[in-house]
Every structure is written in C-alpha cells, then in structure tokens.
Amino acid sequence: MREDIELIKRGTSDLISVKELEERIAKGKKLRVKLGVDPTAPDLHLGHTVIINKLKTFQNLGHQIIFLIGDFTARIGDPSGRSEVRPVMTREQIEKNAKTYTDQVFKILDREKTIVEYNSKWLETLGVDGLLKLAAKSTVAQMLVRDDFEKRYKSDKPISIVEFLYPLLQAYDSVALKADVELGGSDQKFNLLLGRQIQKDYGLEPQIVLTVPLLEGLDGIRKMSKSYGNYIALNDNPNDMFGKIMSISDELMFKYYELLTQADLKKIKEMHPKEAKAALAFEITQRYCGEDEAVKAKEEFEKVFAKKDIPDDINQLEVTGDFKVSDILIKASFVSSGNSARRLIKQGGVKINSKKIDADTESKNIGSDFILQAGKRNFVKIKVKS
RNA sequence: GGGGGUGUGGCAGAGCGGUCUAAUGCACCAGACUGUAAAUCUGGCGGGCUUGCCCUUCGGUGGUUCAAAUCCAUCCGCCCCCA
C-alpha cells in the first residue's frame, strides 16, 4: 500500500489530501477516479498524456477510472479568456472529436477497464431549477479568488457568467459520478477544489484532488496547447514528432523527461545533451508510432539536419506551363503570398537541388525535375509537365 | 435608466490632422553561428508586380478637410461608476 501511494504521488503538483487518500486506500476501497476533457479540439497532445499516464497509474493499481467527455460543456462553448465569440460546436463535431479522443486515449489506457461517460447525461436534464440550486452553493467572491478571474477582473477584462458557471458544472460532474478522486492539470486546481465543496453540499464524501504540473509547449514558456500552436500531437507523423522534440531547448528537455518518462534524471544529466535529446525523441516517437517508425524518423532527422542532406520521402508536386519559383512556393503552401516568397528568396532561404538561389528564377532557367527547399525543413519534389 | 471611458497589426502597447504600412516589446519566419537546438547577432514580418512604385489597412458606416488612425456624427463591442 505504501508503494501504491508513492506511485500515485510521483510527479504530482498537488495532492489534497494525502491523508484522505491513505485512509480510503486503507479501507480497501476501489476508488472512482475521474478525468474530464472537453472535446473542443480533436487532437490529444503530449500535454494531455501527463495526466492520462497518472490515470493509468490508478488503473494499474486496480482502481476504477472514469474518462469523462464533456460533451455538454463543449456544446456551450467556454468563452474563457478571449473576447471573441467561440463558434458553438455542433453535436456532430463534438461526437467526432469525442471519438478521436477516445481512440487516442486508449493507446494508453485499458479500454476494457475504463468507464467512459458523457456529462450531457446529467447536465442536459439538470434544468434551470437544478442549475440555480447548484449556483446557490457558491459565491461571486469565491469565484473571484480564482487567479485568472481575479487578474481579468482587476484589469477590466470581461468575464462572462458562463465562465462562472463552468467550474460549478464541472463540480456537479463529480457529484453525479460520485468521484473519489479527480485528476487535472495544475491550472485546474480551483475547479477541482470546488468539486470537493459541492460534493459535501450534496451529501457526498469530498473527492481527493490530484494535479500534475503543466507541460510547457515547444516554446518552453506557455503551456502546451493547440491554440498556441506549440504542441506535439499524438498523431503527428513520426518525423514531425521526432523533429519537434529535437527542437526544444535543453532545459525544457529535462522537464519533458521528468513529466513524460520514468527515466532516471541523474543519468540523463550525465549524457551529452544532444544524445539525451535524441533518446527522448526516440522514446516518445516509439511510444506513439512504433519502433520501426521511430528508427526511420531518427535516421531521417540525422540525414536532413546533421548532414544537411535531402530527406527520402518528399511530397511531389506537378506543375504545368510557365512558372516562377515564387509561384511554386505558394502552390506548395510554404508561403502565403508572392511577397513573402520573394522575401524568402532574397534572404537566402530557398534552394533548388541544394543550391541557394538569389532571384525569383523562371521555369525556362530550371530543369524539368528538381527539388525545391524552403527554409530548413520544407522540401518538395517538382515535376514539370509540358 | 444616468454618467464616464475605451476599441490600433497574432498579442501587448505608442501615435491623436500631413513626415503612418503606423514606434517599441513579445510571438513568428529566414540567414549566420551551433550539438538539431537554446542563447546571440543580422534581416524580415498587409497585398501586387516591371523593386521602384502602386494598392489596401488603425471596430462599422457616413461626413468635415487639399489631407484623417488622428476631428465630427452615428452604429456596434467592451470596461468602470451611480441606480
């Protein structure tokens, strides 16, 4: 049992409270462990895996894990932060996203032993009176304690009522599920704690709150998130996955090791940073894409970046008639406009058959088959058809 | 309902009649350097091409003016105070 607790504690940022957890485990209770996600974006990324792995730990220890899909909450559309209106998601979109979510999540979790729930099941029938009853259990002052709300309030930024309702609905999920434990990122701490309070109000034993640190995105500054574009998706192709990990800073690499692997950090720090990073990239890529793909991705990376060679697999593009290099750059979606294409050429970022070009060459001055490179990582094979 | 304020590029934030494609910072892109990076340095960061010029941008619309991001009117969004 002590080992169980240690396993659960590893890599957490908050565990409230350890004592309660010990007591419940000591009673031999099979804990109901909840993790909720709103299926607003279809892809899971490495940031999500930190918490999913923690869920997996509970599963391995024989507890009942519940993967909650916030289909109802997604439908309302959390306006948090931004003033722009988020498009309301249709049922179809939500279902589609939910499906990709579960597909990806069961790369990690054991499907057979997981309960999947949808919060529309109880929120849809809650009704206005139910909502009011729920809302009566918290106060505005209490909401404003939450860090991001407070900041926005103080700097005269809008906070919608829906945003106040969100934590309450999430808390109600815990009531409906009779959760013993709820997991979340450290930014979820407030919401999870509110769950405790609301559960008590509804006569339940308060859930244990477990948060894990947020995984920083590729920029090393903001949390990994699709909307910041700094993420590594679980279904990124192997080359991207490998490449993205290689592009992070050394400092960030250690955090990734800490949060994403079981590796012994001491040993990692003794390695050459580049080797360590390659090992990390390999491990992660292997985990989600398989060993063969990971080996290939590693080879490809060495080839393209270390030896500055041309990769094996390049997309092919057929062009007809007269063209300029700038036209192809647009066509291949490497740039968005002629101006930016010309800019890129001027700055020496465009190569044809590995030779830098310094002008927007026309088709007649190039052969009929060639490889075009834009920047460091964009390659395309061009076939000219007459 | 009354009063006050505010809206500028992906974000933050200057500009407050001409010298505005709009300072500065962040983000982003390219080049150099390197360990693939990071840091640093250099250049860039609305669109078109015949590269020097043209066109389009400062919440929307209409107006004043030779000239408007800048002034006026109106509408919309947001914030604050009072009720």
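We name chains A, B, ... by the order of the sequence lines, and we start the count at 1 in each one.
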K.L.:
Closest approach to the side chain of A:S336, judged atom by atom: which nucleotide of B:G47, B:A38, B:C49 is it?
P.N.:
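Between B:G47, B:A38, B:C49, the one nearest the side chain of A:S336 would be B:G47.
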K.L.:
Heavy atoms only, 4.0 Å cut-off, all strands: where does A:K303 land among base, sugar-phosphate and nothing?
P.N.:
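No contact.
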K.L.:
Mapping A:G348 and A:A278 onto RNA chain B by nearest heavy atom, which one lands closer to the 5' end?
P.N.:
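Checking each residue's closest nucleotide, the 5'-ward one belongs to A:G348.
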K.L.:
What integer distance in Å separates A:H272:NE2 from B:A37:P?
P.N.:
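From A:H272 NE2 to B:A37 P: 14 Å.
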K.L.:
Which value, in whole Å, describes the distance between the P atoms of nucleotides B:C66 and B:G10?
P.N.:
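About 34 Å, rounded to a whole number of Å.
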K.L.:
Roughly, in whole Å, what's the span from CG in A:D360 to C1' in B:A30?
P.N.:
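Those two atoms, CG and C1', are 16 Å apart.
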K.L.:
Give A:K356 one of three labels, base, sugar-phosphate or nothing, depending on what nucleic acid heavy atoms sit under 4.0 Å from its own.
P.N.:
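Touches sugar-phosphate only.
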K.L.:
Could you measure between the two C1' atoms, the one in B:C54 and the one in B:G4, and give it in whole Å?
P.N.:
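Result for the C1' pair: 44 Å, nearest Å.
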K.L.:
Identify the nucleotide, in any strand shown, that forms a Watson-Crick or G-U wobble pair with B:A27, with both distances under 3.5 Å; if there is none, say none.
P.N.:
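Its partner: none found.
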K.L.:
Within the 4.0 Å limit for protein heavy atoms, which parts of nucleotides 3-9 of chain B are touched? Write it as a string from 5' to 3', B for base, S for sugar-phosphate only, - for none.
P.N.:
-------
K.L.:
For B:C26 versus B:G43, give the span between their P atoms, rounded off to a whole number of Å.
P.N.:
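Going atom to atom, P in each nucleotide, I get 15 Å.
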K.L.:
Salt-bridged, A:D292 to A:K296, with N to O below 4.0 Å?
P.N.:
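Salt bridge between A:D292 and A:K296, a charged N being under 4.0 Å from a carboxylate O: no.
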K.L.:
Would you measure the distance from the C1' atom in B:C72 across to the matching atom in B:U24 and give it in whole Å?
P.N.:
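Between the two C1' atoms, the distance is 31 Å.
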K.L.:
Taking salt bridge (Lys or Arg N to Asp or Glu O under 4.0 Å) as the cut-off, I'd like each qualifying pair that reaches into residues 229-252 of chain A, sequence neighbours left out, listed once.
P.N.:
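Checked against salt bridge (Lys or Arg N to Asp or Glu O under 4.0 Å) - neighbours excluded - the pairs reaching residues 229-252 of chain A are A:D236-A:K244, A:D250-A:K277.
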K.L.:
If you measure from the P atom in B:A14 to the same atom in B:G7, how many Å do you get, rounded?
P.N.:
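Between the two P atoms, the distance is 9 Å.
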K.L.:
Tell me the interatomic distance from A:D250, atom CG, to B:G35, atom P, rounded to whole angstroms.
P.N.:
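Answer to the nearest Å: 12 Å.
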K.L.:
Between A:E270 and A:K266, does any side-chain N to carboxylate O distance fall below 4.0 Å?
P.N.:
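Salt bridge: no.
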K.L.:
Using the rule side chain to side chain contact (heavy atoms under 4.5 Å, CB included), only one of A:N191, A:L193, A:L194 pairs with A:R146; which is it?
P.N.:
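Looking at A:N191, A:L193, A:L194, the match for A:R146 under the side chain to side chain contact (heavy atoms under 4.5 Å, CB included) is A:N191.
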K.L.:
Mapping A:N339 and A:I159 onto RNA chain B by nearest heavy atom, which one lands closer to the 5' end?
P.N.:
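Checking each residue's closest nucleotide, the 5'-ward one belongs to A:N339.
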K.L.:
Of the options B:G35, B:G48, B:U36, whose atoms approach the side-chain atoms of A:S337 most closely?
P.N.:
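Closest of the options to the side chain of A:S337: B:G48.
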K.L.:
B:C45 phosphate, OP1 or OP2: any side-chain N/O from A:S340 under 4.0 angstrom?
P.N.:
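So the side chain of A:S340 is outside the cut-off, no N or O lying under 4.0 Å from OP1 or OP2 of B:C45.
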K.L.:
Could you give the CD1-to-P distance, from A:I221 to B:G10, as a whole number of Å?
P.N.:
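So the CD1-P distance, A:I221 to B:G10, works out to 20 Å.
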K.L.:
Tell me what A:Y153 touches on the nucleic acid: a base, only sugar-phosphate, or nothing, going by heavy atoms under 4.0 Å.
P.N.:
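A:Y153: backbone/sugar contact only, no base atoms under 4.0 Å.
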K.L.:
Does B:G7 have a Watson-Crick or wobble mate here (both distances under 3.5 Å), and if so which one?
P.N.:
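Here B:G7 is engaged in a pair, and the nucleotide opposite it is B:C76.
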K.L.:
Establish, for the pair A:K269 and A:F254, whether the NZ or CZ atom is under 6.0 angstrom from the six-membered ring centre and no further than 45 degrees off its axis.
P.N.:
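Yes, a cation-pi geometry holds between A:K269 and A:F254.
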K.L.:
My understanding is that only one of A:R32, A:K178, A:K200, A:R24 makes a salt bridge (charged side-chain N to carboxylate O under 4.0 Å, His left out) with A:E205; could you say which?
P.N.:
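Of the listed residues A:R32, A:K178, A:K200, A:R24, the salt bridge (charged side-chain N to carboxylate O under 4.0 Å, His left out) partner of A:E205 is A:R24.
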K.L.:
Does the side chain of A:K324 get closer than 4.0 angstrom to OP1 or OP2 of B:U50 through an N or O atom?
P.N.:
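Indeed, a polar side-chain atom of A:K324 lies that close.
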K.L.:
Please give the nucleotide sitting opposite B:G1 as a Watson-Crick or G-U wobble pair, both distances under 3.5 Å, or none.
P.N.:
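Paired with B:G1, as far as the under-3.5 Å criterion goes, is B:C82.
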K.L.:
Provide the Watson-Crick or G-U wobble partner of B:U40, both distances under 3.5 Å; none if there is no partner.
P.N.:
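WC or wobble partner is B:A32.
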K.L.:
Counting only distance, no hydrogens or angles, is the base of B:G31 paired donor-acceptor with the side chain of A:Q347 under 3.5 Å?
P.N.:
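Such a pair does not exist between side chain and base.
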K.L.:
Apply the side chain to side chain contact (heavy atoms under 4.5 Å, CB included) test between A:I51 and each candidate in A:L215, A:L183, A:T211, A:V37; give the one that qualifies.
P.N.:
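The side chain to side chain contact (heavy atoms under 4.5 Å, CB included) with A:I51 is passed solely by A:L183 among A:L215, A:L183, A:T211, A:V37.
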K.L.:
Taking atom CG of A:L214 and atom CZ of A:R222, what is their separation to the nearest 0.5 Å?
P.N.:
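Nearest 0.5 Å value for the CG-CZ distance: 13.5 Å.
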K.L.:
Determine the interatomic distance between C1' on B:U51 and the same-named atom on B:C11; round to the nearest Å.
P.N.:
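That atom pair is separated by 32 Å.
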K.L.:
Give me the distance, rounded to whole Å, that separates B:A39 from B:C76 when you measure between the P atoms they each carry.
P.N.:
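These two P atoms come out 47 Å apart once rounded.
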K.L.:
Taking only N and O in the side chain of A:K376, is any of them less than 4.0 Å away from OP1 or OP2 of B:A37?
P.N.:
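Checking A:K376 against B:A37: at least one side-chain N or O falls below 4.0 Å of OP1 or OP2.
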K.L.:
Just how far, in rounded Å, is P of B:A30 from CG of A:N378?
P.N.:
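Between P of B:A30 and CG of A:N378: 8 Å.
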K.L.:
With rounding to the closest Å, how many angstrom separate the P atoms on B:U36 and B:C16?
P.N.:
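One P to the other, the span is 49 Å.
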K.L.:
What I want to find out is whether A:E20 reaches A:R196 closely enough, with some N-O distance under 4.0 Å, to be called a salt bridge.
P.N.:
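Salt bridge flag = yes for A:R196 with A:E20.
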K.L.:
Within this structure, what is the CZ-to-C1' distance between A:R342 and B:C29, rounded to whole angstrom?
P.N.:
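Atom-to-atom, A:R342 to B:C29, this comes out as 17 Å.
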K.L.:
Between atom CE in A:M241 and atom P in B:U36, what is the gap in whole Å?
P.N.:
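Distance, rounded to whole Å: 22 Å.
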K.L.:
Does the distance from a Lys or Arg side-chain N to an Asp or Glu carboxylate O, for A:K298 and A:E291, drop under 4.0 Å?
P.N.:
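No salt bridge links A:K298 with A:E291.
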K.L.:
Counting only side-chain nitrogens and oxygens, does A:R343 get under 4.0 Å of the OP1 or OP2 atom of B:G43?
P.N.:
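No.
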K.L.:
Given B:G35, B:A30, B:U51, which nucleotide is nearest the side-chain atoms of A:K274?
P.N.:
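Selected nucleotide (nearest to the side chain): B:G35.
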